[in-house]
Amino acid sequence: MTASRVLVLNSGSSSVKYQLLDMADRSRLAAGLVERIGEETSRLVHEPLAGPGAAAGRREQLGPIADHGAALKAVAAELAADGMGLDSPELAAVGHRVVHGGTRFTRPTVIDDEVLAEIRSLIPLAPLHNPANVTGIEVARTLRADIPQVAVFDTAFHATMPEYVARYAIDAATADAYSIRRYGFHGTSHAYVSRETARLLGRAVEDVNVIVLHLGNGASASAVRGGVCVETSMGLTPLEGLVMGTRSGDVDPAVVFHLARVGGFSVDEIDSLLNKKSGLLGMCGDNDMREVLRRAGEGDEAASLAFAAYVHRLKKYIGAYSAVLGRVDAVTFTAGVGENAHQVREAAIDGLAALGLELDPRANAERSAEPRLVSAEHARVAVAVVPTDEELEIATQAYALVTH
């Protein structure tokens, strides 16, 4: 029996998302979420998607789950109940989402003690994410020490950016001393979606230039030339770039100095303001695009302004990345907002006919879970909607690494 299953783990500070996939046919066997870890109100939702357990549907547990160790043991028990436990000889690897790989990790990597120590050393670059990623790895290694644990990094896909793109124009010695450069994030999504866009167009990845717009609560854009990232909107952290649900995106750096000197804000208060109280939330009080659209449709001025700012930033990046790429074959929308909010796609593409971008209004308004083109038939540049699948991308990269 050839081991072909990969368990994908995405460990957050108080949650674990997981999927079990069979890479023999790229099918999902199970999926779930443990949330509110460390609280009395912890919750585990498990959904078997194949095998005898699938007929019974999703299961839910409520009650305290003390820590990530207990959470992963609970996940293992749920999988075992469906005959797909972590002790299965069919399990080939565990793939871990790791947010920040710095300059050291530019491809998926089998985790050993040295690699884990280096991931831990990157915590200052991703203090909200890497600690939880490390915890998930440590626990998973104790549960199945005999199979490869693979780290797949959000930053890796963007490591191909030219040095003149990745560098900030600040004192070079200071930048080097503190690892200050543009890393980019959402890399697994941008990698998957750019490749699937080429497939949708019926062309080789190497022949396609695409602008990917990953629009969720966090949002980022990338310029991908022939399958290789040459520019992305997020930088040292996920704060730079587009207007997001709660993040400001691009601001004049002197805003920080002004708030400190004139407003008396501390560094932590400014951090919280720009990351958690800005973006759509800061401008109109809602970070859910559905609510912003509803309010704007009813004439709410704050929501209308927030939506206009969101769309304007998108247009700027589409134009900028068109210049960077020179030739654009497709602009692709993905993630929760990109896949589902047809109004965002319509507003972002409106007025860009000079760049070869025009929508088919009927195709754009239709809802579908499938990859599809929503551009006008005569448009020079395709506009696509491609549902992202970061778990499948992590599993694909992890499985390729351990089987080749």
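All of these numbers come straight from a predicted model, not from anything done at the bench. The analysis underlying the following values was restricted to heavy atoms, covering all of them including side chains, and did not include hydrogens, waters or symmetry mates. We're numbering straight along the sequence, starting at 1.
Counting only heavy atoms from C-beta outward, the side chains of Val98 and Thr109 never approach each other to under 4.5 Å. Leu91 is listed as a side-chain neighbour of Leu86, based on a closest heavy-atom distance under 4.5 Å. The shortest distance between side-chain heavy atoms of Tyr321 and Val328 does not fall below 4.5 Å. Under the 4.5 Å side-chain criterion, counting only non-hydrogen atoms from C-beta, Arg43 is not in contact with Thr41. The shortest side-chain heavy-atom distance between Thr103 and Arg181 falls under the 4.5 Å cut-off. Side-chain atoms of Gln397 and Val6, non-hydrogen and from C-beta on, never get closer than 4.5 Å to each other. Inter-residue side-chain proximity for Val402 and Ile147 is flagged as unmet; no heavy-atom pair is nearer than 4.5 Å. Contact check for Asp250 versus Lys316: no side-chain heavy atoms found under the 4.5 Å cut-off.
Using a cutoff of 4.0 Å between basic side-chain nitrogens and carboxylate oxygens, Asp329 and Arg203 are scored as salt-bridged. Arg28 has no carboxylate O lying under 4.0 Å from a charged side-chain N of Glu391, or vice versa, which leaves the two without a salt bridge. Taking the charged nitrogens against the carboxylate oxygens, Asp176 and Arg167 do have a contact shorter than 4.0 Å, which makes a salt bridge. A salt bridge between Glu231 and Arg182 is present, with a side-chain N of the basic residue lying under 4.0 Å from a carboxylate O of the acidic one. The existence of a salt bridge linking Arg294 and Glu291 is confirmed by a sub-4.0 Å separation between a basic side-chain nitrogen and an acidic carboxylate oxygen.
Note that the CG atom of Leu239 and the CE atom of Met244 stand 6.5 Å from one another [nearest 0.5 Å]. Distance check: Tyr18 OH to Leu33 CG gives 8.0 Å after rounding to the nearest 0.5 Å. Note: Thr232 OG1 to Glu240 CD = 9.0 Å, rounded to the nearest 0.5 Å. Separation of atoms CG (Asp300) and CG (Asp286) is listed at 8.5 Å; rounding is to 0.5 Å. How far OG of Ser375 is from CZ of Arg380: 12.5 Å, rounded to the nearest 0.5 Å. With values rounded to the nearest 0.5 angstrom, Tyr317 atom OH is found 12.5 Å from Ile211 atom CD1.
In this structure, Ser4 contributes its side chain and Met23 its backbone to no donor-acceptor pair below 3.5 Å. Put simply, the side chain of Lys73 never gets that close to the backbone of Leu143: no donor and acceptor are under 3.5 Å apart. With hydrogens and angles disregarded, a donor-acceptor distance shorter than 3.5 Å links the side chain of Thr334 to the backbone of Val386. Side-chain atoms of Asp82 never come within 3.5 Å of backbone atoms of Met84 as a donor-acceptor pair (strictly under, hydrogens ignored). Put simply, the side chain of Ser278 never gets that close to the backbone of Ser248: no donor and acceptor are under 3.5 Å apart. Ser189 places no side-chain N or O within 3.5 Å of a backbone atom of Glu390 that could act as its donor or acceptor partner. Using a distance-only test at 3.5 Å, with no hydrogens or angles considered, a donor-acceptor pair links the side chain of Arg313 to the main chain of Gly241. Judged purely by atom type and a 3.5 angstrom limit, Arg26 has no side-chain atom pairing as donor or acceptor with the backbone of Leu392. A donor-acceptor pair under 3.5 Å is absent between the side-chain atoms of Ser222 and the main chain of Val224, judged by distance alone. Side-chain atoms of Ser14 never come within 3.5 Å of backbone atoms of Gly12 as a donor-acceptor pair (strictly under, hydrogens ignored).
Shortest non-hydrogen contact noted between Leu9 and Ala140 is CD1-CB, 4.1 Å. Of all heavy-atom pairs between Gly95 and Ala398, the closest is CA-CB, 4.3 Å. Taking all atoms of both residues into account, the shortest heavy-atom contact from Leu125 to Ser179 is CD2-O, 4.1 Å. Nearest heavy atom pair, residue Asp207 against residue Arg327, reads O-NH2, 3.0 Å. Contact detail for Leu325 and Val210: the closest heavy-atom pair is CD1-O, 3.9 Å. The shortest heavy-atom contact between Thr106 and Ala159 is CG2-CB, 3.5 Å.
Within the structure, every pair that satisfies the salt bridge (Lys or Arg N to Asp or Glu O under 4.0 Å) test and touches residues 97-106, not counting sequence neighbours, is listed here: Arg97-Asp154, Arg104-Glu118. Residues in residues 342-360 take part in no salt bridge (Lys or Arg N to Asp or Glu O under 4.0 Å) pair, two or more places apart or across chains.
Heavy atoms from other residues, nucleotides or ligands lying under 6.0 Å from CZ of Arg120 number more than 12. No more than 12 heavy atoms of other residues, nucleotides or ligands lie within 6.0 Å of CZ in Arg362, so this atom counts as exposed by the packing criterion. Enclosure of atom NZ in Lys17 is not indicated, since only 12 or fewer non-hydrogen atoms of other residues, nucleotides or ligands lie within 6.0 angstrom. Atom CD of Glu60 is surrounded by more than 12 heavy atoms from other residues, nucleotides or ligands within 6.0 Å. Atom OH of Tyr178 sits in a sparse spot, with 12 or fewer heavy atoms from other residues, nucleotides or ligands closer than 6.0 Å. A 6.0 Å sphere centred on CZ of Arg199 holds no more than 12 heavy atoms belonging to other residues, nucleotides or ligands.
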Report the C-alpha separation of Val331 and Leu352 in whole Å, then their side-chain angles, then the decisive distance to 0.1 Å, and conclude whether the side chain to side chain contact (heavy atoms under 4.5 Å, CB included) test is met.
CA-CA 12 Å; Val331 173; Leu352 300 184; over 6 Å; no
Quick one: do Leu7 and Leu79 satisfy side chain to side chain contact (heavy atoms under 4.5 Å, CB included)? Show the steps, please.
CA-CA 10 Å; Leu7 176 64; Leu79 291 170; 4.2 Å; yes
Please step through side chain to side chain contact (heavy atoms under 4.5 Å, CB included) for the pair Phe307 and Val344, ending with a clear verdict.
CA-CA 8 Å; Phe307 180 74; Val344 169; 3.8 Å; yes
Pair Asp268, Ser266 - check side-chain hydrogen bond (donor to acceptor under 3.5 Å, both in side chains), show working.
CA-CA 5 Å; Asp268 287 343; Ser266 69; 5.4 Å; no
Between Arg372 and Glu366, does the salt bridge (charged side-chain N to carboxylate O under 4.0 Å, His left out) criterion hold? Intermediate values first, please.
CA-CA 10 Å; Arg372 61 201 186 276; Glu366 291 177 356; over 6 Å; no
Side chain to side chain contact (heavy atoms under 4.5 Å, CB included) for Asp113 and Leu116? Distances and angles first, verdict last.
CA-CA 5 Å; Asp113 290 343; Leu116 184 57; 5.5 Å; no
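Between His100 and Phe185, the ring planes lie perpendicular to each other; the angle is over 60°, past the 30° to 60° tilted range. In this structure, His158 and His190 have perpendicular ring planes: the angle between them is above 60°, well past the 30° mark.
Remark: of the listed residues Leu242, Val337, Val292, Leu305, Val337 is the sole one forming a side-chain contact (heavy atoms from CB on, under 4.5 Å) with Tyr310. For the side-chain contact (heavy atoms from CB on, under 4.5 Å) test with Leu200, the passing option among Val208, Leu373, Thr332, Val193 is Leu373; the others fail.
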